[in-house]
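Presented below is the structure to which this report refers.
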Amino acid sequence: MAQFSRRHVLGLGVGALAAARLAPAFADNGGKKLHGLSAFGDLKYPADFRRFDYVNADAPKGGMFSQLVGAGGSTFNSLNAFIVKGDRANGMELTFASLMARAFDEPDAVYLLAAEDLTVSPDGLVFRFQLRPGITFHDGSEITASDVAFSLTTLKSKGHPAYASVLRDLADATVEDKRTVQLRFQPTRGLDMPALAAAMPIFSEKYYSTRPFDETSLEAPLGSGPYRVARFEQGRFVEFERVKNWWGENLPVCRGLYNFDILRDEYYRDREAGFEAFTGRNYLFREEFTSRVWATRYDFPAIRDGRVKRDVIPDERPSGAQGWLLNTRRDKFKDRRVREALTIAFDFEWTNKNLMYGSYQRTHSVFQNSDMMARGEPSPEEIALLEPFRDRLLPEVFGPAWIPPETDGSGQDRKLLRSAGELLNSAGWTVKDGRRLNAKGDQLLAEFLLTERSFEPHHQTFIKNLRVLGIDANIRLVDPAQAEVRLKDFDFDIAIARFIFPQIPGSSLRNYFSSASANTKGSNNLAGIADPIVDALVEKAVGAQTQAALNNACRALDRVLRSGRYWIPHWNKASHWIAYWDQFGFPPTKPRYARGAPETWWYESAKAAKLEQAK
């Protein structure tokens, strides 16, 4: 479903809300029924809208869509996708409905799905949802208000930290009658919170009365959405079948979506094997994440004769943050100077030119390519947020936003390596016999956690520079399942991660940056950031009452995070590289904030027949 999922997911008044400061969507509506929600009250679609603009309402149903999960190197051992345990199967959110569903051509708007109407109290803290009559789980049992209340309270108490942190300010979920549920939020809740809660999956309370929610399982859970799990082989594939005559199929938020009878997710532990499988038509759609492969490998016969199409489509979302996260829980990375030394030892310019065909731009910010990204000198509004902490912040925070220094592109910029060495010396790591040692005589070690050999070249040049500095740097190559466990337990030195925040990040920031999340197993705070200044700025962002206030809070937060050197930024590009066997149709306009495939695509039997004839 188009709902909040785990992958989206993680001293200044801490965001306290007052009725007089509520956003237009919630303020003093006098019990008026609402058809949609957004944090700042801006809705594109009117109450009587028939469909989203990015769909074909007349798209035919049928056929199969199959794709590689991620970039390859993935696996799964559980169909319970909502807890911290296990390696979750991709796509399980498609099997669940929610009170409201996302519109992916708006920053954060949600519209009625399982709920048929919504009213909000004048103070904006109580949201009353009435469910549609006749909506059911896949076994035919009725979806009730009790199921909704159970789902939200269970996710809050037993769910993955990405859910639990978002639902922190849900005070309670109360059942008024069989079809009416009331959600009451704490006064400290962010304006994004109600929409996120309304987009959470609805579970069957009866189903989980005989099963533990917080345990891994390969039993497909009882769902309520447009698809159900049809068949699977652990670690190899999952097939989802479209639920025929699903109750939500003709609602405005679903019309023209979920057109394939079968969605199949393929898992390959090896990226190379995954590519070869695509050339052999073992699956039909691939998003390419490796510049070398995109530049050199898409010349196989099916590309040349037109049976496989490839395209570059815009990605207008904030590109977010990808990079090497430095685990500050480890003593050796607690000193900011050590972290900065590692950061400036990475030669992005050489890597981009020689390994990535110049395809990327350097990332600077966790809010890269968005209005929340800090640029240049801080504005007066940003300074006002930072001023109370001036005596505890580096002067850098009040100057131009820090960006990693540009190298000379040689692969071994001597000037920057000298600077890195000086930083390490000042932090107490000095060189003796070519080894970087502390006062105890221990050598500085830096182990990179990696799951894919194809990414080794990007590490090796970096590691070479670190060894020049006397650091014992190496790669620990593990399988995806082991990497997942180690990341959840924070058992690593340096690990690659990418996270993209929603357009209105709000509550999700806590799971990535708050002190509370630093030691919460499975949280997205991989760097272990635990800074009361960061906490305060996160709460300022959560409590923002306008888009401008949110942007200023995030920019101030961005400056503080950059000054901490918690990660070594990678790179980004504002596009998707996709390739697909030519048997699909798709609308002329994709949703602005999503890829659009497979949700808005459909199967074209005439094209598929031509492919069969061309074998």
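Note that the coordinates shown come from a computational prediction; the quantities given were computed from them, not determined experimentally.
Side chains of Tyr45 and Asp105: a donor on one and an acceptor on the other come within 3.5 Å. No donor-acceptor contact under 3.5 angstrom links the side chains of Gln368 and Thr363, judged on distance only. In this structure, a donor-acceptor pair under 3.5 Å is present between the side chains of Glu604 and Trp602. Side-chain contact check for Asp558 and Ser365: at least one donor-acceptor pair (N or O, by modelled atom type) lies under 3.5 Å. With no hydrogens or angles considered, a side-chain donor-acceptor pair links Ser507 and Asp192 at under 3.5 Å. Counted by atom type alone, Glu249 and Asn245 present zero donor-acceptor pairs between their side chains at under 3.5 Å.
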### Asn282 and Tyr268: CA distance, side-chain angles, deciding distance, side chain to side chain contact (heavy atoms under 4.5 Å, CB included) verdict
CA-CA 12 Å; Asn282 290 339; Tyr268 286 85; 4.1 Å; yes
### Task
Under the side chain to side chain contact (heavy atoms under 4.5 Å, CB included) rule, what do Lys488 and Val84 come out as? Steps first, then yes or no, please.
CA-CA 8 Å; Lys488 288 176 181 176; Val84 74; 4.2 Å; yes
### Message
Between Arg595 and Glu316, is the salt bridge (Lys or Arg N to Asp or Glu O under 4.0 Å) condition met? List the steps.
### Response
CA-CA 10 Å; Arg595 192 179 66 183; Glu316 298 182 71; over 6 Å; no
### Test log, rule side chain to side chain contact (heavy atoms under 4.5 Å, CB included), inputs Val308 and Asp582
CA-CA 6 Å; Val308 170; Asp582 189 20; over 6 Å; no
### Message
Using side chain to side chain contact (heavy atoms under 4.5 Å, CB included), reason through Leu113 and Leu99 one step at a time and then give a plain yes or no.
### Response
CA-CA 5 Å; Leu113 176 56; Leu99 290 169; over 6 Å; no
### Query
How far apart are the C-alpha atoms of Glu599 and Arg102, what are their side-chain angles, what is the distance that settles it, and do they pass the salt bridge (Lys or Arg N to Asp or Glu O under 4.0 Å) test?
CA-CA 12 Å; Glu599 291 83 2; Arg102 274 290 313 272; over 6 Å; no
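Looking at heavy atoms from C-beta onward, Phe240 lies in side-chain contact with Thr95 at the 4.5 angstrom threshold. Using a 4.5 Å heavy-atom threshold, the side chains of Val175 and Thr180 count as separate. No side-chain heavy atom of Ser78 sits under 4.5 Å from any side-chain heavy atom of Asp87. Considering only heavy atoms from C-beta on, Val229 comes within 4.5 Å of Met92 through its side chain. Contact annotation: the side chain of Glu116 approaches that of Pro133 to within less than 4.5 Å [non-hydrogen atoms, C-beta and beyond]. Using a 4.5 Å cut-off on side-chain heavy atoms (C-beta onward), Phe40 and Ile504 make contact. Side chains of Val110 and Pro194 form no contact here, defined as non-hydrogen atoms less than 4.5 Å apart. With a 4.5 Å cut-off on side-chain heavy atoms, Asp147 and Phe137 count as touching.
When all heavy atoms of Pro221 and Phe96 are compared, the closest pair comes out as CG-CZ, 3.8 Å. When all heavy atoms of Gly159 and Ala164 are compared, the closest pair comes out as O-CB, 4.3 Å. Contact record, Gln503 with Pro505: O-CD, 3.4 Å, taken as the closest heavy-atom pair. Closest non-hydrogen pair, Gln583 versus Leu284, comes out as NE2-CD1, 3.4 Å. Smallest separation of non-hydrogen atoms from Asn90 and Asp265: ND2-OD2, 2.9 Å. Nearest heavy atoms, Pro46 versus His35: C-NE2, 3.3 Å.
Residue Arg310 qualifies as enclosed at atom CZ: its count of foreign heavy atoms under 6.0 Å is above 12. For Lys44, the NZ atom sits in a packed shell: over 12 heavy atoms of surrounding residues, nucleotides or ligands are nearer than 6.0 Å. Atom NZ of Lys61 sits in a crowded spot, with more than 12 heavy atoms from other residues, nucleotides or ligands closer than 6.0 Å.
Tyr580 is linked by a side chain to side chain donor-acceptor pair (under 3.5 Å) to nothing, counting only residues two or more places apart in sequence or in another chain.
For an aromatic pair to be called close, the ring centres must be under 6.0 Å apart, and Phe260 with Tyr258 fails this. A ring-centre distance under 6.0 Å is not found for Phe237 and Tyr283. Aromatic ring centres of Phe104 and Phe52 lie farther apart than the 6.0 Å criterion allows. Phe213 and Phe82 have their aromatic ring centers separated by at least 6.0 angstrom. Outside the 6.0 Å centre-distance limit, the rings of Phe65 and Tyr227 are not counted as a close aromatic pair.
Note on Asp371 versus Arg555: no salt bridge recorded, every NZ/NE/NH1/NH2 to OD/OE distance being 4.0 Å or above. Look at Glu106 and Arg592 and you find no salt bridge, because none of the NZ, NE, NH1 or NH2 atoms lies under 4.0 Å from a carboxylate O. Using a cutoff of 4.0 Å between basic side-chain nitrogens and carboxylate oxygens, Arg88 and Glu93 are scored as salt-bridged.
Applying side-chain hydrogen bond (donor to acceptor under 3.5 Å, both in side chains) to Arg510 and the options Asp169, Thr520, Asp535 leaves one that passes, Asp169. Applying ring-ring contact (aromatic ring centres under 6.0 Å, His included) to Phe285 and the options Tyr603, Phe584, Trp601 leaves one that passes, Trp601. Just one residue in the list Ser517, Ser514, Ser165 forms a side-chain hydrogen bond (donor to acceptor under 3.5 Å, both in side chains) with Asn525, and that residue is Ser517.
By the 6.0 Å and 45° rule, Arg211 stacks over the aromatic ring of Tyr207.
Taking OG from Ser121 and CD from Gln182, the interatomic distance works out to 8.0 Å, rounded to the nearest 0.5 Å. Here the OG-CD1 distance, from Ser224 to Ile143, works out to 4.5 Å after rounding to the nearest 0.5 Å. Distance check, rounded to the nearest 0.5 Å: CD of Glu239 to OG of Ser66 gives 9.0 Å. Going from atom OG1 of Thr75 over to atom CD of Gln234 covers 7.0 Å, rounded to the nearest 0.5 Å. With rounding to the nearest 0.5 Å, the separation of CG in Leu37 from CG in Leu43 is 7.5 Å. With rounding to the nearest 0.5 Å, the separation of OG in Ser141 from CD in Glu205 is 11.5 Å.
At least one donor-acceptor pair under 3.5 Å links the side chain of Gln545 to the backbone N or O of Gly543. Remark: side-chain polar atoms of Arg184 are not paired, donor with acceptor, to backbone N or O of Asp172 under 3.5 angstrom.
Relative orientation of the Tyr267 and Phe76 rings is tilted, given thresholds of 30° and 60° on the angle between their planes.
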